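Take a look at the structure below.
The shown structure was predicted, so the numbers you read here are calculated from the model rather than taken from an experiment. Note on naming: letters A, B, ... go to the chains in the order of the sequence lines (proteins, then strands), and numbering restarts at 1 for each one. Atoms considered below: every heavy atom in the structure, side chains included; atoms not considered: hydrogens, waters and symmetry mates.
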Number of protein chains: 2
Amino acid sequence: MSAGRTARDRARTELTREIKDEARRQLADGGAGRLSLRAVARSLGMVSSALYRYYPSRDDLLTALIIDAYNALGAAAEQADDGPTPLARWHSACAAVRGWALANRYEYELIYGSPVPGYRAPQDTVAPAARVALVLIGIAAEAGVPDSELPPVVHAQSEAVRAVLPDDLPPGALARILLAWTQLFGMISFELFGQLVGSADPADEFFGYAVGRMAEFVGLTDRG
Amino acid sequence: MSAGRTARDRARTELTREIKDEARRQLADGGAGRLSLRAVARSLGMVSSALYRYYPSRDDLLTALIIDAYNALGAAAEQADDGPTPLARWHSACAAVRGWALANRYEYELIYGSPVPGYRAPQDTVAPAARVALVLIGIAAEAGVPDSELPPVVHAQSEAVRAVLPDDLPPGALARILLAWTQLFGMISFELFGQLVGSADPADEFFGYAVGRMAEFVGLTDRG
DNA sequence: ACAAAGATGAGAGCAGTGCTCTTGACAAGG
DNA sequence: CCTTGTCAAGAGCACTGCTCTCATCTTTGT
């Protein structure tokens, strides 16, 4: 559908976006649990029931925010995927993910925190959700990281993943990237959710250290 | 205070525990966001306002549940910390953590998911929260894992942590354990929160694989 | 050009929430 | 015995998501 032919269509798409924007703004103070349709409607000068014409339920509004968040994070990672060597790109991309998470705390929580109660993620979210992983995979693929031994089931799962990937990577490398991927988000979540207080907090240096060790683990070197 | 002298005291401590137990039960269907004081009171055959005599607010009840959850998880890890070699103990302890998380999904969410909106963890939670990390540290300490190079800030942070530890570990080892610790919970969170669907799901084998690589990374070998 | 059809915003209302305050009953200690 | 403090209950406040109805306004088909 285009930008909307009739005046009503234009008003509709615009209001839909305004509602989402206001919701994102309100997300910033209190997180998803505190997001209130009524408050969003109030801020927009309309009554809560009118809002249901644009988002059938609170969950639908959340879904829209979740997809946006995945895409924003993915875009940040893709944009930072730049540098003279694969290792530099790896560091840059990981730092961008962390930077986005720190700057957009509650949006990060929305996608990598505990699932919103009663909410079931629709299929629309899986493609945007994969973007960060694809960045890491792309870097490793261009660097040509080595294969490694895998348990049979993990090997099979890696093969299955490889089948749907644009880049070609040996299963052992894929499994290691998957591990690094969970490490990356595990560390960011711990930092954001206050689990590192008392140990590696502030976490800037520790994060860089960990990202470097993960690069080694995956097989990225500085030879470009 | 003892078990309570007067009949009133006994009734009070008992009801306090019953409320918590019922709340934990209700946690199992819907998570913290859906825990309702009124529903708990209803299940106990009392009116919601009466419940406030025992827990001044919803957050206080949540705090009690959080401390219990940390302790239950810590106890599970400590109990599983057993085996002929440090490597075996490492695998067993990590598997126990994952097992507890899978069996107590919503309690895990309570402590390692996104923080409950508006909730600020009191100091009482930090000691129970450290138990799992202490298990990992204990294993590495007894195995005598090697030191390794660290960036200066990370080195300083590791030294600060070491100062408050019962076991003695070189800073480089401590930093690697910290990294493995974030990896462990990152992986469990990803599995539980549905982030692995489409890649390493079911995650049993992948989890074992990852735990093994982390053991290598920390410096645990099979020589005992 | 005009009427039918459809989209929209407002309002009332339902069932639920956390939490507070008051009231009347009961047990404990002086 | 009688005061003091604890307790469960109930009413009530300010919220929440969501549904339904109704009047209005825009688009569309004739």
(message) Is there a ring-ring contact (aromatic ring centres under 6.0 Å, His included) between B/Y112 and A/F190? Walk through the geometry before answering.
(response) CA-CA 8 Å; B/Y112 287 107; A/F190 261 31; 5.8 Å; yes
Listing time: all N or O pairs from protein to nucleotides 26-30 of chain D that are below 3.5 Å?
from   : atom 1 : to   : atom 2 : distance (Å)
D/dT26 : O4'    : A/R8 : NH2    : 2.8
D/dT27 : OP1    : A/A7 : N      : 3.1
D/dT27 : OP1    : A/R8 : N      : 2.8
D/dT28 : OP1    : A/R5 : NH2    : 3.0

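Looking at which nucleotide of DNA chain D each of A/R53 and A/A39 is closest to, the 5′-most match is held by A/A39. Ranked by how close their nearest DNA chain D nucleotide is to the 5' end, A/S49 and B/S48 are led by B/S48.
A/R131 meets the salt bridge (charged side-chain N to carboxylate O under 4.0 Å, His left out) test with A/E78; sequence neighbours excluded.
Counted within 6.0 Å of CD on A/E159, heavy atoms from surrounding residues, nucleotides or ligands total more than 12; the atom is thus considered enclosed.
Using a cutoff of 4.0 Å between basic side-chain nitrogens and carboxylate oxygens, A/R98 and A/D204 are scored as salt-bridged. Looking at A/D21 and A/R25, no side-chain N of the basic residue comes within less than 4.0 Å of a carboxylate O on the acidic one, giving no salt bridge.
Contact check, B/Y54 against D/dA8: a side-chain N or O comes under 4.0 Å of OP1 or OP2. Using a 4.0 Å cut-off, some side-chain N or O of B/R58 falls inside it from OP1 or OP2 of C/dG18.
Taking each heavy atom of B/A133 and B/W181 in turn, the nearest pair found is CB-NE1, 3.8 Å.
One can find a donor-acceptor pair under 3.5 Å joining the base of C/dG18 and the side-chain atoms of B/R38.
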